[in-house]
Every structure is written in C-alpha cells, then in structure tokens.
2 protein chains.
Amino acid sequence: MNKKVKIRKTLANAGLKATVQRLVILETLTDNFSHPTAESIFKKIKKDYPSISLSTVYNTLEVFRKHGIVRIVNTDSVTVRYDSVTDTHHHIFFEGNNKIEDYYNPELDKLLQKFFLKNKIPNIEINELQVQIKGKHIRIQAN
Amino acid sequence: MNKKVKIRKTLANAGLKATVQRLVILETLTDNFSHPTAESIFKKIKKDYPSISLSTVYNTLEVFRKHGIVRIVNTDSVTVRYDSVTDTHHHIFFEGNNKIEDYYNPELDKLLQKFFLKNKIPNIEINELQVQIKGKHIRIQAN
DNA sequence: ACCGAGTTAATAATCGTTCTAAATTAGAAA
DNA sequence: TTTCTAATTTAGAACGATTATTAACTCGGT
C-alpha cells in the first residue's frame, strides 16, 4: 500500500479528518526516524507549505498522541520529542550527539514480560515495559 | 551514621561547600521518594527557610546533577523531576496519579546485561540500562 | 454548491527554566 | 578571631517551549 494512502487510512481509523496539515505532519513524522521536536517538524514543513502555523503542529501532535498515532519519547532535556512508531519498542540514547534511535527486539520484550510475571510488583497492572539504552557512540574498529 | 553528617560527607566528597541551601535541598530530596520537581522542593523548603530563592534550587540541582549526586527522571511531561538515588535502578510510572517509584532488582540488571552482551548493538558502548515500568495503580483483592 | 462541526492561523499568555549582576557567605589563610 | 577571596546566593529579567484564545477557514456529508 502506497504511503499517502496508508496515512489517510491511519487518520480515518482514528476518526480524524484528513486535512492537508495532518497529512503532511504525519508524513514528515513517519519519514523521519530522528524523533524530531515540534519545532523541527514545523521548520521542515514550512519550506513546502509556508502557511502552516507552529500551533497547528503542536495541536496536531497532541491530537495524534491522544489517538495513539504518535508517542512522546522521554528524554532528560526540557523539549519533547515525537515518535510515530507506537508499538512496543525501546530507545537508544546516544550520549553527546543527542541522537535517539528505536530498538526493536521481540526477544527482549518476551524476556521482560517473563521476568515481571515471575517477579510481580504489588499494586500495579503493567501495560508497558520500555528499556532506555544509554551510551557512547563508538566507531567499530577496522583491523 | 547520622543523616545530616551523611549529607555533609556527600557534599565534601564532591568538593562542594556545605552551604545551608545545599544541605537543606539535599536533605529534602533524600527524604522524599516522590521524585519532586524543582518547584515543589522550593515550596517545601520555603516554609522553614523563607529567604531561599527558586533560582538557587535550580542552580543547586544542576550542580548536584553535574556531580552525580542527583539524577533527572525522564517523564513524558514537560517538567523535570529529580531523584537523589543515583545507583542503578528502574522507575515505575503510575498512570493517572502521576506518581513515580524507584524499582530495584539486581537480578533484572544482570538479566539485561547478559541480554545485551549476547545481543550486541553496533556502534554503541552501553553505560546504562534502565527499564520504565508503566501501568495502572490497582488495589490488591482481599478474599 | 451549501452547511455545520471540526480545524487552523496568528498571536497572546503561561509555564518552567536559565541568565545576569550585585550582594552575601563559607572556609582558607593570616 | 579577623580578613580575604572565590564561590555561592538572591531577585528579577530574559528566554524558550508549550498552551490558550478566538476569528477565519475547510472538510466531508447532504
């Protein structure tokens, strides 16, 4: 299925009108794996579509979040970053260059689920387990 | 060892002057397991020590963070929350009431370390693995 | 093509955090 | 104990990110 059609379908499934702004914001987000900020999404879009407003980007991202179309990535900076992938996955935080990457590993998910099934925490019904992997970006040695 | 003495020692070890403000901020933080915000630390202290400034709280927390005395807890809200426990541990995020609790489990740490030793991620030298446990607070059934 | 609810744009307001510069203070040295 | 100085604190301004407001616009159903 074509990308644009997919995006339209996502909006329709959520019961959201397919406005130009929503289409372009969601497309920007799905094309970018860098977990952009609202501001950087705005700037990227502004080039091809100068009439877009920053508040529309904020509003739209919040609407998307409420509908589970995007999620917020937890960083230790003040600004919020977005991710259009909402299924179970983890995040790699590269020290220094401020990059964030997705990390998928169903085996890890299973391992964690199993662990918390055995080691029940009282008073909580877990619905998400997410690992934050933090470290330094290194170059692989050629030898 | 007495609590106040311990706090003085922590500051001395970091090479930081033991000012009243630092002592009281660090004490507030170590007494509170609720991962407070800068603002809420400020308010708590203000009662007994009305001359404290909000910027001092911000400054001091940043100094502490740089010296590894406190760490920032990643939430998906805009405001930053602090934790005076800096050794390896995980966080439980309770949905709804906005509470955050520490979760210790050396077995989990070992499990994760072992996992990532087997499943190496290219280009990264991992120095922290932290699990975010998210879920609903529930009441245990009495039967 | 028209209508109405939903959406957007522009901008003001707010919130949390950082910066600035002058006043104060801890702690080393005399 | 007093003096000195660099470190620290204070108050408030400035800043940057986000949210709220409201009038104008538009999508999609008729």
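So that the names make sense, note that chain A is the first sequence line, chain B the second, and so on, each numbered from 1.
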Report task. For B:Lys4, look at atom NZ and say whether over 12 heavy atoms of other residues, nucleotides or ligands are found less than 6.0 Å away. Result -> no
Query raised in the report: Base, sugar-phosphate alone, or nothing: which one does A:Val80 contact when heavy atoms must sit under 4.0 Å apart?
Result: sugar-phosphate
Report task. Starting at atom CG of B:Leu23, determine the distance to atom C1' of D:dT9, rounded to an integer number of angstrom. Result -> 14 Å
Query raised in the report: Do B:Asn74 and B:Gln132 meet the criterion of a side-chain donor-acceptor pair at a distance under 3.5 Å?
Result: no
Query - Contact under 4.0 Å: B:Tyr58 side-chain N or O vs C:dT18 OP1/OP2 - result: no
Query - Gap between atoms NZ and C1', on A:Lys43 and D:dA17 respectively (whole Å) - result: 12 Å
Query raised in the report: Do the rings of B:His35 and B:His91 sit parallel, tilted or perpendicular, given the 30° and 60° boundaries?
Result: perpendicular
Query - Between D:dC25 (P) and A:Arg22 (CZ): distance, integer Å - result: 19 Å
Requested in this report: Tell me whether the centres of the aromatic rings in A:Tyr49 and A:Phe42 are closer together than 6.0 Å.
Outcome: no
Query - Nearest heavy-atom neighbours spanning B:Ala18 and B:Arg8 - result: CB-NH1, 3.5 Å
Query raised in the report: Of the nucleotides C:dT7, C:dG27, C:dG16, which one has an atom closest to the side chain of A:Leu16?
Result: C:dT7
Query raised in the report: Going by atom types alone, do A:Asp83 and A:His89 pair a side-chain donor with an acceptor below 3.5 Å?
Result: yes
**Report entry** Trace of the salt bridge (charged side-chain N to carboxylate O under 4.0 Å, His left out) decision for B:Lys44 with B:Glu39
**Finding:** CA-CA 9 Å; B:Lys44 213 163 278 179; B:Glu39 181 85 32; over 6 Å; no
**Report entry** Difference in axis direction between the ends of the helix from C:dA1-D:dT30 to C:dA30-D:dT1, five pairs, 10°
**Finding:** 30°
Query raised in the report: Where the side chain of A:Lys17 is concerned, which of C:dG27, C:dA5, D:dA17 is the nearest nucleotide?
Result: C:dA5
Query raised in the report: Given atom CG of B:Leu61 and atom C1' of D:dT8, what is their separation to the nearest angstrom?
Result: 15 Å
Query raised in the report: With nearest nucleotides of DNA chain C determined for B:Tyr82 and A:Val20 from heavy-atom distances, which residue corresponds to the more 5′ nucleotide?
Result: A:Val20
Report task. Round to a whole Å and report the spacing from CG of A:Asp76 to C1' of D:dA17. Result -> 17 Å
Query raised in the report: Does A:Thr19 place a side-chain N or O at less than 4.0 Å from the phosphate oxygens OP1/OP2 of C:dT8?
Result: yes
**Report entry** Length of the CZ-C1' vector between A:Phe64 and C:dT8, whole Å
**Finding:** 13 Å
Query raised in the report: Under 3.5 Å, side chain of B:Arg81 to main-chain N/O of B:Ala38, donor-acceptor pair present?
Result: no
Query raised in the report: When you check every protein heavy atom under 4.0 Å of nucleotides 10-15 of chain D, what one-letter string (B, S, -) results, 5' to 3'?
Result: BBB---
Report summary line: Between CG of A:Leu54 and P of D:dA17 the distance, given in whole Å, is 10 Å
Query raised in the report: How many Å lie between CZ on A:Phe42 and P on C:dA9, as a whole number?
Result: 9 Å
Query raised in the report: With a cut-off of 6.0 Å (strictly less than), are more than 12 heavy atoms of other residues, nucleotides or ligands near NZ of A:Lys114?
Result: no
